[in-house]
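Worksheet: the structure to be examined is printed underneath.
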Amino acid sequence: MPLLVTGTIGIDSLHAPTGQAERVLGGSCAYFAVAASFLAPVRLVGAVGGDWPPEHRAQLERFRNISLEGLETRPSSRTFAWGGRYLDDMNRRETLFTDLGVLEEAPPSVPPSFRDSRFVFLGNTHPAVQLDLLRQFPNRAIAVCDTMDLWINISRPELIRLFEEVDGVVLNDQEASQLTEQRNAVSAGRAMLDLGPSFVVVKKGEHGAVLVHRDGIATIPAFPSASHQVVDPTGAGDTFAGGLMGHIASTGRHDFESLHAGLAWGTVMASFTIEAFGLERLLRLDRGQIDDRLRAFQSAARVG
Ligand code: AMP
């Protein structure tokens with residue numbers, strides 16, 4: 001079943017001890033869409049400015065499973081742009097700049113043919129935009145959102161309103177503790193359930209992820225990558241969500257067991273993303289490689 005995603009399409013500048021990449025295709029929506037498209041057809045809703053490089057469009061167009069009907073170009077606006085730098089400990093990142101561009105304008109419009117979407121993912125962008133878009137999908141079976149430190153800092157009231165209306169939230173451990181003042185992922189997840197969602201996935205980088213659901217708790221380790229395989233962690237969170245939601249849309253089920261299984265797909269997709277700068281690795285990935293890695297992960301992560 002089709003999976004709708006909204007969020008940012010960005011022009012990213014990435015710096016890491018392993019090298020750098022200037023003005024490459026990025027943004028929450030781009031990473032999510034590409035990852036999810038290996039598992040389900042994706043409907044993308046987003047906006048870019050007149051400065052969006054044609055080669056970035058060409059990269060997305062290669063993915064036949066992504067419909068770009070909802071990608072709006074605003075010729076006199078600027079595309080969202082972001083710069084990030086990883087420290088020697090690649091789990092730590094600092095933002096060099098955030099140029100909001102089109103994000104400061106009206107939300108992108110949803111094409112009428114997308115309005116019947118049942119599976120909806122609200123990737124990282126302004127929470128007021130996420131809420132506005134969410135309300136345009138009256139037939140949704142499940143809506144999940146992501147967020148990050150910037151929005152927790154500058155738009156907490158809008159975020160809290162968003163949490164009242166979504167089914168699930170995916171975020172990392174630092175963001176979860178920033179929101180709830182709980183350091184432990186399970187305690188933070190439980191505190192977030194009190195705000196409205198039925199489940200929360202707290203990602204813990206190289207330590208895996210925890211699903212805190214009204215029906216139970218599940219944990220999953222990270223894929224055991226060696227340090228030399230981690231080239232650029234950018235987009236790991238968005239591709240994790242893409243794998244998780246892609247699995248949900250492909251099965252049409254969103255109960256606790258399906259979400260638990262989806263964590264493995266998310267983990268595997270993220271493990272590819274970090275192997276090269278930006279979207280480079282995902283752009284040369286095929287379904288066979290994903291299936292092989294999922295089997296290897298299932299065997300490595302077996303409990304008991
Ligand atoms: P991740 O590494 O999963 O946190 O995602 C990184 C991507 O998020 C980059 O491609 C950025 O363009 C995008 N990004 C960075 N800051 C924001 C923000 N405040 N809102 C939405 N997207 C962002």
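First listed ligand is number 1; within each ligand, the first listed atom is number 1.
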If every non-hydrogen atom of M1 is compared with every non-hydrogen atom of F119, which pair is closest and at what distance?
SD-CE1, 3.4 Å
Closer than 3.5 angstrom, by distance alone: can the side chain of S28 be matched with the main-chain N or O of T8 as a donor-acceptor pair?
yes
In terms of heavy-atom contacts, H247 and S258 come closest through CD2-O, 3.5 Å
So for ligand 1, is L103 a polar contact partner (N or O within less than 3.5 Å, distance only)?
no
Passes salt bridge (Lys or Arg N to Asp or Glu O under 4.0 Å), R281 versus D232? Steps please.
CA-CA 10 Å; R281 181 67 184 94; D232 168 26; over 6 Å; no
Considering only protein heavy atoms, which is closest to atom 12 (O) of ligand 1, and at what distance to one decimal place?
D12 OD1, 2.7 Å
N124, D232, D238, D146: member with heavy atom nearest to atom 21 (C) of ligand 1:
N124
Considering only heavy atoms, does R93 approach ligand 1 within less than 4.0 Å through its side chain, its backbone, both, or neither?
side chain
T8 contact mode with ligand 1 (heavy-atom cut-off under 4.0 Å)
side chain
Tell me if the CZ atom of R23 is crowded by more than 12 foreign heavy atoms within 6.0 Å.
no
Minimum-distance pair of heavy atoms, taken over all atoms of L3 and V120
CD1-N, 4.4 Å
If I apply the N/O under 3.5 Å rule, does G27 come out as touching ligand 1?
yes
Identify the closest protein heavy atom to atom 23 (C) of ligand 1: which residue and atom is it, and at what distance?
F80 CZ, 3.6 Å
By number and element, which atoms of ligand 1 are closer than 4.0 Å to a non-hydrogen atom of Y31?
10 (O)
Do ligand 1 and W151 have nitrogen or oxygen atoms that lie under 3.5 Å from each other?
yes
Run the side chain to side chain contact (heavy atoms under 4.5 Å, CB included) test on T18 and Y86 for me, step by step, so that the C-alpha distance in whole Å, both residues' side-chain angles and the decisive distance to 0.1 Å come before the verdict.
CA-CA 9 Å; T18 47; Y86 293 87; over 6 Å; no
Atoms of ligand 1 under 4.0 Å from any heavy atom of G26, numbered from 1 in the order shown, are 10 (O)
If you scan protein heavy atoms around atom 18 (C) of ligand 1, the nearest is M148 SD, 3.5 Å
Within-4.5 Å side-chain heavy-atom neighbours: L179 and F163:
yes
Look at the side chain of R161 and the backbone N and O of P127, then say whether any donor-acceptor pair between them is shorter than 3.5 Å.
no
Parallel, tilted or perpendicular, as decided by the 30° and 60° cut-offs, for the rings of F38 and F63
perpendicular
Side chain, backbone, both or neither: which part of T234 has a heavy atom under 4.0 Å from ligand 1?
both
Note: ligand 1 atoms sitting under 4.0 Å from heavy atoms of G237 are 3 (O)
Which one holds for L150 and ligand 1: side chain close, backbone close, both close, or neither close, with close meaning a heavy atom under 4.0 Å?
side chain
Go through ligand 1 atom by atom and flag the ones less than 4.0 Å from a non-hydrogen atom of G235.
1 (P), 2 (O), 3 (O), 5 (O), 6 (C)
